[in-house]
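We name chains A, B, ... by the order of the sequence lines, and we start the count at 1 in each one.
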Amino acid sequence: MLAMANTESSGDTARPWQCYNTAYTNAKAGMEGVDKEKVQRIVYEMSKGSQYFKNEERKEAFIREKIENMRARCAKLKPADLAHYRTVADKIILELEATRDLSRIWVHVDMDAFYAAVETLSDPSLKGKPMAVGGMSMISTANYEARRFGVRAAMPGFIARKLCPELIFVPTDFKKYTYYSDLTRKVFEKYDPNFVAASLDEAYLDVTEVCEERGTTGEEIARELRAGVHDETGGLTCSAGVAPNRLLAKVCSDINKPNGQFILPNNRMAVMTFISSLPVRKIGGIGKVTEHILRDALGISTCEEILQKSSYICALFSHSSADFFLSVGLAIGGTNTPQVRSRRSISNERTFSATGDEAFLFCKLADIAEMLSTDLQKEGLRGRTLTLKLKTASFEVRTRAVTSQKNICSTEDIMKHASKLLKAELPVSLRLIGLRLSHFDEEKVGAPSDPTQKTLTDYMLSGDALRKNMGDQSSLDLDSTDHCMMHGEETYLSKDGHQTSSCDYRDPLDENHLSNLDDSKSTSGNFEEKEEIYESTSNANAEKMNANDSQNEDNVQDVVPPLLGPGYSFPAQFEGSSLDRVSSVTKTLGDVASSSVSQKEFLLWVNDYKCSICGIEMPPSFVEERQEHFDFHLAEKLQKEESGTDFKTCVLKKRNVPKDHIASQRKHKKQKPSPKEGKHIPIDVFFVKSNQNF
DNA sequence: GGGCATGGTAAAC
DNA sequence: TTCCAGTTTACCATGCCC
């Protein structure tokens, strides 16, 4: 009896695209006249056979299986069971009904094709032309001209272009959208100072008070508010839904899109009539999969049918899910202004062309750790649970998490945990890596500028220096007086984004080691803080810690000029990675201490050893291609691992020399000007004898 | 059995 | 030429530890 429609279409082999359920199944405003069959066929043709497509099929099969299970469970329900669930459902319905509040007037405001509209405002030549905001891999939104071709948000750009060859792509510019979003919010505030911003382009307003004060209706307020937004933004339009609760208001704002509004009166009859024929997919929170499950497992397509099948809902779903579905059936939604919740997690992820190259993957991981750390510092957050997200070449998504005893936020700490998680997944071919930090510290760490929170290494590794250097020119002047502290010593940032420190030349590995020691008292639970992530480097750390004080002075004299200057290009796979900010190398070798090595010697040395970063072996070309850019500083003794493997530590270091600061430093130290003067920021790189296995 | 950690998934914009 | 994003939240299942 259930889901007969599904079996019909799946048997149709002449039009396979009809069974390809894309995410674009929810009708969107502005897509009324679209030749759906044609769009579906093109999307199918562009997708079939791809890894993405195969993964969609895999997911689809999984959902079908789930649906089959649910149907089997339904079939097994005896009359007595059904009677029981009937009672359960009736009880919930009564309880929900008791909470119904028709006294509030909520307005949901939704900007029309917001990003696209903003772009058109700043470039009027786009007006009337099909345009999408985003790129070839994904578009964020499309204007109404483009929607007529079937182009829509969350569609990959290359498919959109196929649907509409003359489609203009405009890159996203969040600064711009935030600016206009703030303008709209200024208007919202006038009607509800506690309005709830759902996103940059959406907000919920409780206008009950304004209506009472002014003796007017929600309809009037909505009209006035929309006009206000139009004026304030210089021409952006929005749509509004007016209803007794947020759930309904959201549905209503979509009805007369664009530049329109829909009012649902505050009486039960009107509300129930409205909801009864409404497809469940229109409800916020019911997406493609839930729609599919409700339809094919229970034969539910409209909200009315949820109530009709309420005993099955209670039999199949968890209490909270059943509560939600039944409240949808009753058109009951939030009526009080929800409390602003603090952020629960923060994440960064990046997609790249799929690769199994472990060196590349670790470079990406380091980049993401840097970005995450930067964001954490900006927000003044520290957290305990780090989650690594991976998307394999076949689009399978995996997450791996660790929860540590201490709160973390530095790139080093993040990398320490993240590289361990990633290492456990190898070998694997990936197209995305992401990192998320959650379980935040109750007390926020200080403001972003809090000197104790940002080490020099953090700064360099975070890429801030690079971004300031290459990107935001306007900020350069302002940055000239920036400074931060590291280990109690002042570090100056120069105009060009470089920085120097008077005497800190410690390896971040040392910091790791030290913090591990600090933490060792409290080490327990499921994450072992003291465990070495960077294998084989710990011995060197211990030695370096001892030798640190005396070496720091030496390093100052042995630092080298920038090695990766203009004209130097990294192999494509390392492009954009943190490694392109590495400008010199300090290597440690044998019994020799603090002496230079010729390039010839270095080559011989490199040929004899494998190079690894974060414990991952680098391709031979990585070192060879750079050898002429290297200059070395020998500082340490040959180490011996427990396994007996000889290894030598080679620390890549970033050099930063703000001119004016160097001058003052020279004066202070009474040194002669030296072209080799500078600051090294180390990254853990070490070499293991090539005839040994890692 | 509650609380916590982990992993997978859905959903929204 | 390019070939399916990034960020956040919530829920559910499961396993483990008192």
Check whether the side chains of [X] and [Y] place a donor and an acceptor atom closer than 3.5 Å, and report yes or no.
{"X": "A:Asp112", "Y": "A:Ser239", "value": "yes"}
{"X": "A:Asn259", "Y": "A:Arg226", "value": "yes"}
{"X": "A:Tyr177", "Y": "A:Glu119", "value": "yes"}

Does the side chain of [X] get closer than 4.0 angstrom to OP1 or OP2 of [N] through an N or O atom?
{"X": "A:Thr351", "N": "C:dG6", "result": "yes"}
{"X": "A:Arg344", "N": "C:dT7", "result": "no"}
{"X": "A:Ser320", "N": "C:dC11", "result": "no"}
{"X": "A:Asn348", "N": "C:dT7", "result": "yes"}
{"X": "A:Arg400", "N": "B:dG8", "result": "yes"}
{"X": "A:Ser140", "N": "C:dA5", "result": "no"}
{"X": "A:Arg398", "N": "B:dT6", "result": "no"}

Given A:Ile408, A:Ile414, A:Asp413, the one that forms side chain to side chain contact (heavy atoms under 4.5 Å, CB included) with A:Ser410: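 So the option named by the test is A:Asp413.
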Name of the residue among A:Lys406, A:Arg382, A:Arg384 meeting salt bridge (Lys or Arg N to Asp or Glu O under 4.0 Å) with A:Asp441: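 Answer to the salt bridge (Lys or Arg N to Asp or Glu O under 4.0 Å) test with A:Asp441 among A:Lys406, A:Arg382, A:Arg384: A:Arg382.
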With a 4.0 Å cut-off on heavy atoms, is [X] in touch with a base, just the backbone sugar-phosphate, or nothing at all?
{"X": "A:Thr387", "result": "nothing"}
{"X": "A:Glu202", "result": "sugar-phosphate"}
{"X": "A:Ile346", "result": "sugar-phosphate"}

With a 4.0 Å heavy-atom cut-off, tell me which residues in residues 326-343 of chain A come close to DNA chain C, sorted by residue number. A:Arg341, A:Arg343
With hydrogens left out and only the distance checked, is there a donor-acceptor pair under 3.5 Å joining A:Ser47's side chain and the base of C:dC4?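 Between C:dC4 and A:Ser47, which were checked side chain against base, a qualifying N/O pair under 3.5 Å is present.
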